[in-house]
Amino acid sequence: MALVSDFRTKVLDVVSQIKVGETLSYGEVARRAGSPKAARAVGNILNKNFNPQIPCHRVIRADGQVGGYNRGGKAKIRRLKQEGAKLVFGLTSAKV
DNA sequence: CATTTGACGCCAA
DNA sequence: TTTGGCGCCAAAT
């Protein structure tokens, strides 16, 4: 009953496990959720399930980009910087 | 029920 | 190195 869809629940669970200052990529979350190729699905799930309990803003792309955010990528970056996450630099990946 | 979209990821040109 | 295209999964329409 509690299982709406294994993936959805698992993804939300994994994301909620992210600690402060840590950032996971969609691919990583997808892999933990049980499907290493469901990175797209992960983004979709988070996008339609913005749970205040889940730090979806700590989930970024594998390229190092922040990706997107229901509130706007800017807000996401802001939140990550505020928590001390290793953000490259805004939206443009400044590959040092 | 089938099709389209979407916060991605990786390979090829 | 950069840009483009394909592949994969789930949810929405």
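Quick note on labels: first sequence line is chain A, next is B, and so on, each numbered from 1. Every value quoted in this text rests on a predicted model; they were computed, and no experiment measured them.
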Could you state whether A/V59 and A/Y69 fall into the same hydrophobic cluster, counting links through intermediate Ile, Leu, Val, Met, Phe, Trp or Tyr residues with side-chain heavy atoms under 4.5 angstrom apart? no
Any chance you could measure A/L46, atom CG, to A/H57, atom NE2, to the nearest 0.5 Å? 11.5 Å
To the nearest angstrom, the CG-C1' distance between A/D63 and B/dC11 comes to 13 Å
Side-chain contact check for A/A39: nearest option of B/dG9, C/dA11, C/dA10 is B/dG9
Rounded off to whole Å, could you give me the NZ-to-P distance for the A/K10 and C/dA10 pair? 13 Å
Which nucleotide in the set C/dA11, C/dC9, B/dA7 lies at the smallest distance from any side-chain heavy atom of A/A38? C/dC9
Output for pair (A/R58 CZ, A/S16 OG), nearest 0.5 Å, gives 10.0 Å
Would you compute the distance between atom CD1 of A/I45 and atom NZ of A/K10 and round it to the nearest 0.5 angstrom? 12.5 Å
Choose from B/dA7, C/dA10, B/dC10 the nucleotide whose nearest atom is closest to any side-chain atom of A/F7. C/dA10
Given B/dG9, is OP1 or OP2 found less than 4.0 Å from the side-chain N or O atoms of A/R61? yes
Approximate separation, where rounding is to 0.5 Å, of A/T9 OG1 and A/N49 CG: 9.0 Å
If Ile, Leu, Val, Met, Phe, Trp and Tyr residues are connected whenever their side-chain heavy atoms lie under 4.5 Å apart, and connections chain through other members, are A/V14 and A/L12 in the same group? yes
Can you check whether A/S35 has a side-chain N or O nearer than 4.0 Å to OP1 or OP2 of C/dC8? no
Whole-Å distance between C/dA11 P and A/L46 CG? 12 Å
Atom SG of A/C56 and atom CG of A/N51: how far apart are they, to the nearest 0.5 Å? 7.0 Å
Rounded to whole Å, CZ of A/R32 lies from P of B/dG9 at a distance of 15 Å
Is there a side-chain contact between A/I60 and A/L80, using heavy atoms and a 4.5 Å cut-off? yes
Value in whole Å for how far the P atom of C/dC9 lies from CZ of A/R31: 14 Å
Starting at the 5' end of DNA chain C, what dot-bracket string do you get if Watson-Crick and G-U pairs under 3.5 Å are bracketed, crossing pairs use [ ], other-strand pairs use | and unpaired bases use dots? .||||||.|||||
Please confirm whether any donor atom in the side chain of A/Y26 sits under 3.5 Å from an acceptor in the base of B/dA7, or the reverse. yes
Counting side-chain heavy atoms from C-beta on, which of B/dA7, B/dG9, C/dC9 comes nearest to A/A41? C/dC9
Provide, to the nearest angstrom, the distance between the CG atom belonging to A/L24 and the C1' atom belonging to B/dG9. 16 Å
What distance do A/E28 atom CD and A/I18 atom CD1 have between them, rounded to the nearest 0.5 Å? 10.0 Å
Identify all pairs in which a protein N or O lies below 3.5 Å from an N or O of nucleotides 2-5 of chain B, and state each distance.
none

Please confirm whether the backbone N or O of A/G68 pairs with a side-chain atom of A/K76, one donor and one acceptor, at under 3.5 Å? yes
Please give, in whole Å, the distance from B/dG9 P to A/Q65 CD? 10 Å
Look at the side chain of A/S5 and decide which nucleotide, out of C/dA11, B/dG9, B/dA7, has an atom nearest to it. C/dA11
Closest nucleotide of DNA chain C for A/K37 versus for A/R8: which of these residues is on the 5' side? A/K37
Starting at atom CD1 of A/I45, determine the distance to atom C1' of C/dA12, rounded to an integer number of angstrom. 13 Å
